[in-house]
Structure formats: C-alpha cells, structure tokens
Amino acid sequence: MLQIAEIRENKDAFAIALQKRNIDALSLLESAIAVDENRRNLQGQLDEILAKSNKLSKEIGDLFKSGKGAEANELKSQTSGLKESSKEIGEQLNTAVEELQNILYTIPNIPQDSVPAGNSDEDNEVISQHGEIPTLHDGAKPHWELVKDHDIIDFELGNKITGAGFPVYKKKGARLQRALINYFLDKNTAAGYEEMQVPHLVNEASGYGTGQLPDKEGQMYHVGVDDLYLIPTGEVPITNMYRDRILDHKDFPIKMTGYTPCFRREAGSYGSDVRGLNRLHQFDKVEILRIEHPENSDKALEHMVSHVQEILEELELPYRILRLCGGDLGFTSTLTYDFEVYSTAQDKWLEVSSVSNFKTFQANRLKLRYRTGEKGTELAHTLNGSSLALPRILASILENFQVESGIKIPKVLIPYCGFDMID
RNA sequence: GGAGAAGUGGCAGAGUGGUCGAAUGCACUGGUCUUGAAAACCAGCGAGGGUCACACCUCCGGGGGUUCGAAUCCCUCCUUCUCCGCCA
C-alpha cells in the first residue's frame, strides 16, 4: 500500500510511472488526495470537539472535588451537545478513513525507473542467458511422459486422493524432490539466510499484511470454519513474522529462508501451460526473504539475483534472467527479476523463480518500521524471491538430463539423492 | 472440549473512575567523572494523527457500551497461563 503522504507529494510522477503498468492512475491518486483532505479536515474538527469536552470534564471533576456540585451539574449540561457532534463527526471520519483505505488498496506499487513499459510477458526484457541448451536424443520426452515411464510422479493417484493439480511423488521422484529442498535450504543458509519453519495456514491479518487480501482472496484456499487461509507462498507467513514490529537500525539486514508447500487455486488456465508439473494447486517452494534498510534494498535485490543464479549454475540448467515489464509486474512489486529455465523437451522457458523488491509497499501494510538515528521511525524495505520453486525445476531436470538409458542426476544433487540415475 | 486466572511502554512491573500516556526497576541514548572501561551521578527515552513549529487529538490485547470523565466498571471476541479431559 502506498503512503498517502507520498502520494500527496509525488502525484504526477506516480501517475507517469504507473502508466508503465498500463493504468491511468491519475484520477485514482487525485481522489485519494481529496478523500484524505476531507479526512484531515474531519479529524481537525473532531479533535477540537474532544479538546473542549476534555477540558470541561476536567473542570467538572475539580468542581465536584471542591464541593461545588451545583456548578458542576451546570457544566454537565453543556457536554451533551459536544457528545452528539463528536459522535456524528467521528462517524464521518471513520467513513473517510475507510474510503481512503479502499482507494489505496487498489493502487499498485510504483515501478522503478528501470522497469520497461509493456503489456504482457512478451514485453519482458531478457537481461542475460546462461548455460547450454542440450541436444537430446531422438525420442526425448516431456516430463509428464518421463514420470510415467519411471513411475516417479503419479498425477492420477493425486486425482483420486484430492483432485487435479495435487500429484503424488513416488520413490526416486519423492527422493529427488526432497534432495532439492535440502540442497536449496543448505545453499540459502550458507549465504546467510536463517532457516524458518512456519505455519502453512495464516489468518486474515497476515493475508492483508503481504497483500493477498483483500484483492486476491479467490486465489487462496480458505478454511471457512476457522477463517484461515492456506498459504499461496511462504512469503506470507515469513514476512508476517515482522508485522507490527519496530526494528533497530542495527537489526538490518534480516535474511530468512524457509521451505513450505504452497497452495493456489489458480482457476482459468488450460493447455500445455498446465500440463504435468507446469502448474499445480499444491507445490513446494523454498523462499528467501530480506528486510532491509531503504538505502540497501537495491543492492540486496542484486545479491538475491546472483544467489539464485549460482544455484541454477550448480544445477547445470540453461536459464535466462528477465526484467519484468510494467504490465507483468506483480501488484506489490517495484522491480522483479524472473528466472526461466529452458525445458528442451517442451521447447519452452519455464519460470522457476521471481525475485522482487517491494520497498515500503508491504512494510506500510505490515507496519514494519525501524528507528532512525534521530527521533522517529521509517518504513523498512522488504524483498523476497524463490530459491527455488520445485516442480518446474524438477521438470526441467527430468527433461534436460534425460538420456536413452534413463535420467541422470545433476552432480550437485547426487550426495543428497544417494543415486545418480533414474532408470 | 470443561473449570479458573490473566493480558499495561523493548522487558519486568505498579496503577480499580478525574490531576494517568501512565510510577518504579532494567535495557537503551547523550553527558559528567576516568588514561580507557566499569561503577556512580545528571539528562533523555512508546507509537500514530496534526502543525512551518507549537498547541491539540488518539492509543493500556481487539471491538462495543456505561459515564461529564475509563487503563480502571459492563458486554463480546482474541490470546496466554494453571487444572481436568482427549491425543500425535
């Protein structure tokens, strides 16, 4: 959520920057400012009334104490009018506050200067490409056939137990998945991220804190009886650990990592995009997350990018890095780098990681601040990224490492797997 | 799930209707002293709104109510603790 004070000062610049998202936000920004002006006006009126009635109350108390009951009762009669108008204006104020909140909820974060304009993923900017795309033998298969041949992932069984999008990982498939999780966590820990195990269900306040609510509630599974949401990403519980916190500037940087399953309803897509492991309702992900001093967040984002890069290098997967264009940029992000791994058998790039700097957008909702050197507090910056998402990594390992006799295991994973071949 | 108790500033902990945004201690920040540190002493030290700056307003788990006036009384929800039950 943007801060109204910032909007007031940067209205035009914000509107221009938001054009990169293909939205004309000027009128929204202006109405936010107008509502806020009304809000401040009402607040001023209310404060004045409350000040008066506070003063009267004090006088009444003093009069009672000195035994002047009659005079006190006389003053009492004066308070009833104040009470009424404070109630009335208080209600108007609440309405204005709510109205402002609702407007602010609809305004996405301001893209950074480096974010290219664009409408869709086709306008994302390819920054670099790495690794070699392997030449596969004749008869190479997409992963959904490979997993069947080797009986390592069973989609039908998942259908039976739960429904589409909830696969069962079997035998070496399960082991490979666990190996990847452990490998990712070890890499992240070695890079200074502290490992956390967090709840997989969150309450409403947490959903608001990281921005899934109020807009995207349809994308989360909701447990009605207890009013809890299954997490769509580990970002939600991990970031919300710091909701309502005031940090010391010495606390920076805060670096955390965690493995969680992720649950997404993701209705409305079809075709090869959702084939096999490409899109699931439940999948596993290891997340990295940082809370930074505003001065450091740009640098921190670059560090995260090179960290993810290092992992993909070690996995020997061909990948490329994209800078998302305004049209593809997530609602809460100012700048996002996507990592895509090439799936040779599907002949397409698969997104496996997304690394973002949210600046103060989440912190504002979270009330995550730090004490500045002088008096006062400022909002911290939050960042996060996948390091990494499992299913598509798994898919691309299966596809890119397939040979006629089976599927090889990337060297770095062999100690974690305990085998070097799926055959 | 049943019975009881409690939720106050970073922490501990006073405060049961007015002068309380809140004693005191610890922690923290600045200063004096010291070769330096510790100790001691002095001062400062919650957050939000508002203002050029003050003033002023709000916040004592959340929400609502009683009252001229609520941290203090009432209702409700949440959380924690103790005991009992159930249980991986």
Side-chain angles (χ1 to χ4, degrees), chain A residues 1-9 32-104 197-209 213-214 223-229 237 240-252 254 291 360 362-380:
Chain A
M1 192 166 69
L2 296 176
Q3 299 164 82
I4 185 65
E6 302 257 299
I7 293 177
R8 228 183 289 150
E9 279 164 38
I33 291 170
V35 170
D36 182 54
E37 218 152 279
N38 183 37
R39 190 215 99 219
R40 279 188 295 164
N41 186 279
L42 289 166
Q43 181 82 63
Q45 290 178 41
L46 181 64
D47 286 359
E48 213 169 291
I49 293 164
L50 290 175
K52 265 186 211 160
S53 89
N54 283 345
K55 211 166 144 211
L56 274 177
S57 294
K58 235 166 241 176
E59 283 172 29
I60 292 169
D62 290 342
L63 286 173
F64 272 126
K65 233 171 233 172
S66 47
K68 297 172 185 163
E71 288 176 47
N73 282 321
E74 203 168 300
L75 279 186
K76 261 199 204 182
S77 61
Q78 288 182 31
T79 60
S80 63
L82 289 175
K83 225 180 172 183
E84 255 168 56
S85 46
S86 83
K87 198 173 174 190
E88 196 179 306
I89 291 176
E91 273 165 19
Q92 288 176 35
L93 178 64
N94 286 341
T95 309
V97 167
E98 213 173 291
E99 199 182 337
L100 177 61
Q101 189 87 319
N102 287 336
I103 295 172
L104 292 178
Q197 279 196 18
V198 291
H200 300 162
L201 283 92
V202 294
N203 57 28
E204 197 179 48
S206 293
Y208 274 95
L213 296 175
V223 182
V225 268
D226 294 305
D227 199 15
L228 296 171
Y229 296 85
N240 271 282
M241 288 170 37
Y242 283 87
R243 171 153 46 86
D244 265 316
R245 280 280 306 267
I246 300 178
L247 302 165
D248 199 281
H249 61 272
K250 285 179 290 202
D251 295 333
F252 294 121
I254 292 168
I291 298 168
T360 60
Q362 286 185 329
N364 189 29
R365 284 201 189 182
L366 293 161
K367 296 202 180 67
L368 167 52
R369 292 156 292 174
Y370 67 96
R371 280 178 216 289
T372 56
E374 298 94 59
K375 229 181 133 137
T377 63
E378 301 266 348
L379 294 173

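Order of the sequence lines fixes the chain letters, A, B, ..., with proteins taken first and strands second; residue numbering starts at 1 for each chain. Worth knowing before you read on, the calculation uses all heavy atoms, side chains too, and leaves out hydrogens, waters and symmetry mates.
- One finds a side-chain N or O of A/N54 lying less than 4.0 angstrom from the OP1 or OP2 phosphate oxygen of B/U58.
- Side-chain polar atoms of A/N203 and A/S206 form a donor-acceptor pair below 3.5 angstrom.
- Heavy atoms of other residues, nucleotides or ligands lying less than 6.0 angstrom from CD of A/E48 number 12 at most.
- Base pairing annotation: B/U51 forms no Watson-Crick or G-U wobble pair, as no partner gives both donor-acceptor distances under 3.5 Å.
- Toward the 5′ end of RNA chain B lies the nearest nucleotide of A/R40, the other residue of the pair A/R40 and A/L56 mapping further downstream.
- A/R245 comes within 4.0 angstrom of nothing in the nucleic acid, heavy atoms only.
- Residue A/D62 is out of contact with every strand shown, counting any heavy-atom pair closer than 4.0 Å.
- When rounded to the nearest whole Å, the span between CZ of A/R365 and C1' of B/G48 equals 19 Å.
- Atom-to-atom, CD1 of A/I49 to C1' of B/C68 comes out at 16 Å; the value is rounded to the nearest Å.
- Atoms CG (A/D244) and P (B/G46) sit 18 Å apart, rounded to a whole Å.
- Nucleotides of RNA chain B nearest to A/D248 and A/S53 differ in position, and the one nearer the 5' end is that of A/D248.
- Whole-Å rounding puts the A/N41 CG to B/U51 P distance at 11 Å.
- In the model, A/Q45 has a side-chain atom that pairs as donor or acceptor with a side-chain atom of A/N41 under 3.5 Å.
- Within the 4.0 Å cut-off from OP1 or OP2 of B/C45, not a single side-chain nitrogen or oxygen of A/R371 is found.
- Looking at A/E98 and A/N94, their side chains never bring a donor and an acceptor atom within 3.5 Å of each other.
- With B/A47, B/G49, B/G18 as the choices, the nucleotide that has an atom nearest any side-chain atom of A/R39 turns out to be B/G49.
- Shown are A/I89, A/N38, A/L93; of these, the side chain to side chain contact (heavy atoms under 4.5 Å, CB included) with A/Q43 is made only by A/L93.
- What separates CG of A/L46 from P of B/C57 is a distance of 11 Å, to the nearest Å.
- Distance check, rounded to the nearest 0.5 Å: NZ of A/K367 to OG1 of A/T377 gives 11.5 Å.
- Closest contact between the side chain of A/R369 and the listed nucleotides B/G49, B/G48, B/G18 involves B/G48.
- Side-chain atoms of A/K83 lie closest to B/C68 of the nucleotides B/C68, B/G50, B/C57.
- Expressed to the nearest 0.5 Å, how far CG of A/L104 lies from CD1 of A/I7 amounts to 5.0 Å.
- A/S57 comes within contact range of at least one nucleobase, with a heavy-atom separation under 4.0 Å.
- One can place CD of A/Q43 at 11 Å from P of B/C59, the figure rounded to the nearest angstrom.
- If you take atom P in B/A39 and the same atom in B/C26, they sit 11 Å apart, rounded to whole Å.
- As the counterpart of B/G18, B/C68 is assigned, both hydrogen-bonding distances of the Watson-Crick or G-U wobble pattern falling under 3.5 Å.
- Rounded to whole Å, the P atom of B/U24 lies 15 Å from the corresponding atom of B/C41.
- Summarising the local packing, CD of A/Q3 is surrounded by more than 12 heavy atoms from other residues, nucleotides or ligands at distances under 6.0 Å.
- Taking atom P on both B/C77 and B/G1, the two are 13 Å apart, rounded to the nearest angstrom.
- A gap of 7 Å separates the C1' atoms of B/C11 and B/A27, to the nearest Å.
- Among the nucleotides B/A47, B/C56, B/G49, the one closest to any side-chain atom of A/T377 is B/A47.
- In this structure, of B/U58, B/G48, B/G18, it is B/U58 that holds the atom nearest to the side chain of A/L50.
- Pair assignment for B/G85 gives none, since no Watson-Crick or G-U wobble pairing has each distance under 3.5 Å.
- In this structure, B/G7 and B/C78 make a Watson-Crick or G-U wobble pair, each of the two defining distances being under 3.5 angstrom.
- Residue A/K55 contributes atom NZ, which lies 11 Å from atom P of B/C57 at whole-angstrom precision.
- Using the Watson-Crick or G-U wobble rule with both distances under 3.5 Å, B/C45 pairs with nothing in any strand shown.
- Of all the residues in residues 87-104 of chain A, not one reaches under 4.0 Å from RNA chain B with any non-hydrogen atom.
- The distance from atom CD of A/E204 to atom P of B/U79 is 14 Å, rounded to the nearest whole Å.
- In this entry B/U32 has B/A40 as its Watson-Crick or G-U wobble partner, both defining distances falling under 3.5 Å.
- The C1' atoms of B/U51 and B/C42 are separated by 32 Å, rounded to the nearest whole Å.
- On the P atoms, B/C60 is 29 Å away from B/A3, given to the nearest whole Å.
- Using a 4.0 Å cut-off between a side-chain N of Lys or Arg and a carboxylate O of Asp or Glu, A/D62 and A/K58 do not qualify as a salt bridge.
- Taking atom C1' on both B/U76 and B/U82, the two are 24 Å apart, rounded to the nearest angstrom.
- Across A/L2, A/L379, A/I4, a single residue satisfies side chain to side chain contact (heavy atoms under 4.5 Å, CB included) together with A/N364, and that is A/L379.
- Distance noted for atom P between B/A22 and B/A55: 13 Å (whole Å).
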